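What follows is a set of notes on a single structure, which appears directly below.
Every chain is numbered from 1 and lettered A, B, ... according to where its sequence line falls, protein lines coming before strand lines. Note that the coordinates shown come from a computational prediction; the quantities given were computed from them, not determined experimentally. Any value given below was found using the heavy atoms of this structure, including those in side chains, with hydrogens, waters and symmetry copies removed.
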Amino acid sequence: MICDVVFDLPLRRAFSYAVRPGLKLARGQRVRAALQGRARVGIVVALREGDEHGLKPVDGAVEPVPILSAATLELCRWAAAESLSSWGSTMLSLLPPPPRARAAEPVAPAPEPQPASPTAPELWTGASREARLIEELESSQDATLLIAPDRDTAGRWAERLDAARLDSGASASARRAAWFAASRGRARIVAGTRSALLVPLPPPAKLVLLDEHDPAHKPPGPPRLHSRDLLLRRAALEGNRLLLLSATPSAETWWRAQSGHVARRDGGAAAWPAVVSADTRGILRHHPVTPVLGRAIADAARAGRRTVLIVMRAASALACDDCGVLLRCPDCAVPLARAPGALRCRLCGRSEPLPTRCPGCGGHHLSLFGWDAERVEAAVHRRFPRLTISRKDRGAQVLIGPATVLKGRASGSLGCVGVIALDALLRVPDFRASERALELLWAAAEAVGAAGRVVVQTLHPEHEAIRAARDQDLAGFFEHELKLRLELGYPPFRRLCLVSARSRSAPEAQALLEECGAALRGIPGLIVYPPAPLSGAGTHAGRWRFLIKGPEELPRLISQPLGPFVERRRRLGGMVEVEMDPLE
DNA sequence: AGCACGCCGACT
DNA sequence: GTCGGCGTGCTC
């Protein structure tokens, strides 16, 4: 007997091993086998009769039963093809870590899902979505998998629902135990992050994705696939119900709902705060707080309620007062961000000492441009000397931080949220900037509740994201947004793929990308954009990229020509990375 | 991805 | 004369 095994390698092919007579193996089972003399963990993808001559034997099984069902094996094969990565790395990055030695943990095989009558995935929006979810889960006996965008959120929900945890917040053995307990129906609800996506569940099962729009559902690295896309596929194959929860869904999911592939369950309007914009013209240059926001902070404090001020990441740079030039990274051309005692490029990480004179005109008047948390804290402290102001203490009267400080707050727990400079977010050269702005303002409105106030400082008070957040109008926002996406040929109407190369020098990276581009020439239906530095206009950095725009079947069209570049990444001293459906 | 093999520069 | 850089190729 021969078995074919895939490993956590960037290789498409499987490796064949001899199965010794006494060893009972099945597809989907984890095994240890020698690869280049070292024992490694792989997954059996096929068993067949054949000539075992010259094959090394499998050392043994990691668990006595398959950890993945045949259906899940196929699900992962699809996911790997869809993301141009290998079958093995896709599967192994989604499994709990193997036990160090042979452990006698009680395990049950992954149940083979029974294809049930398909039910349309559901998109739950609106005020009461989380309360409705808890009600739904408590009134049901179905096995349920809850996927959260991050560990904190997974932990909160696990506690709230008394669920077993399957993310890296739990120990490796606890994760394995939860995995096999879920497959036997012993743990009715399991909660986790991406690493829990493949947990086998006895039918009928329910799949839940929290904060469907969150880019944390597709972090860098394998599996290079959005959790939403994997769950949509899994639910369709297994006939499971899938609930996608989000206050501000992605345009992709909204479009699916609009075209009838997803059923929208709108929880209705919430009691909503006033969302007001404050014109920053002539003010932001000198002070981070407009009179409107200043009054809101004072009012909240007087009412004994807390304020959160949102600043954008890397919002502060150094500019010359004489010639107006912004200090940029010599390699990447993006503005250098202020770090303690230095300037740092947030792209390549290079650190420069704080200069005393302008590299352009030699002037001595260099001043900060933009408002980071540190500068805002100092300015607000001067303005409100009697309030407690902090960048860390969640209990301070005024808390200053990035958008993530709004995560996990009960509705109505804040008196005021101020967005110091929404324009810093809108200026980002990303077609999803509007969506991100809406997400931020909506989260702010939910966090303050009806009695609070959201103040948005901007030069664009008429921006669609601000209007939609003020009017609590998702439908209006997406009508506008999807029209733009269609006109410009962006997702969900076209698919994107980002091909990037890293090398010592720009010419090397460019040459490497030139090779990739040449391999794609002549494929109908693709638009291959010319290579550009990874961000900004720097021409010296060895990080370049190009974008491919194409139809739904884009991964199938480019997997053959780009295959050699992803399989053998070290060529000409550079590395090629291919990312389907990039979020940045 | 690791790891070995292999061919050109600075050292006890 | 060797030690060691990392470019290229292979792993059942």
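Using a 4.0 Å cut-off between a side-chain N of Lys or Arg and a carboxylate O of Asp or Glu, A/D4 and A/R48 qualify as a salt bridge. Salt bridge present: A/D150 and A/K407 bring a charged side-chain N and a carboxylate O closer than 4.0 Å.
The CE atom of A/M91 sits 18 Å away from the P atom of B/dA1 (whole-angstrom rounding). Between the NZ atom of A/K56 and the P atom of C/dT11 there is a distance of 9 Å, rounded to whole Å. Atom CG of A/D4 is separated from atom P of C/dT11 by 15 Å (rounded to the nearest Å). Counting to the nearest Å, the P atom of B/dC3 and the CG atom of A/L9 are 12 Å from each other. When the C1' atom of B/dG2 is taken as reference, atom CZ of A/F15 falls 12 Å away, rounded to whole Å. Spacing between atom CZ of A/R20 and atom P of C/dC12 amounts to 18 Å, rounded to whole angstrom units. Between the C1' atom of B/dG2 and the CG atom of A/L11 lies a distance of 11 Å, rounded to the nearest Å. A straight line from CE of A/M575 to P of C/dC6 spans 15 Å, rounded to a whole angstrom.
Counting any heavy atom pair closer than 4.0 Å across all strands shown, A/I2 reaches no nucleic acid atom. Contacts of A/A18 with the nucleic acid, taken as non-hydrogen atoms under 4.0 Å apart, are absent.
Side-chain N/O atoms of A/E435 and A/S250 include no donor and acceptor closer than 3.5 Å.
Relative to the side chain of A/R13, the nucleotides C/dT11, B/dG2, C/dC12 differ in distance, and C/dT11 lies closest. With C/dC12, B/dA1, B/dG2 as the choices, the nucleotide that has an atom nearest any side-chain atom of A/R38 turns out to be B/dG2. Among the nucleotides B/dA1, B/dC3, C/dC12, the one closest to the side chain of A/Q36 is B/dC3.
The side-chain tip of A/R160 points at the ring of A/W157 from less than 6.0 angstrom away and within 45° of straight on.
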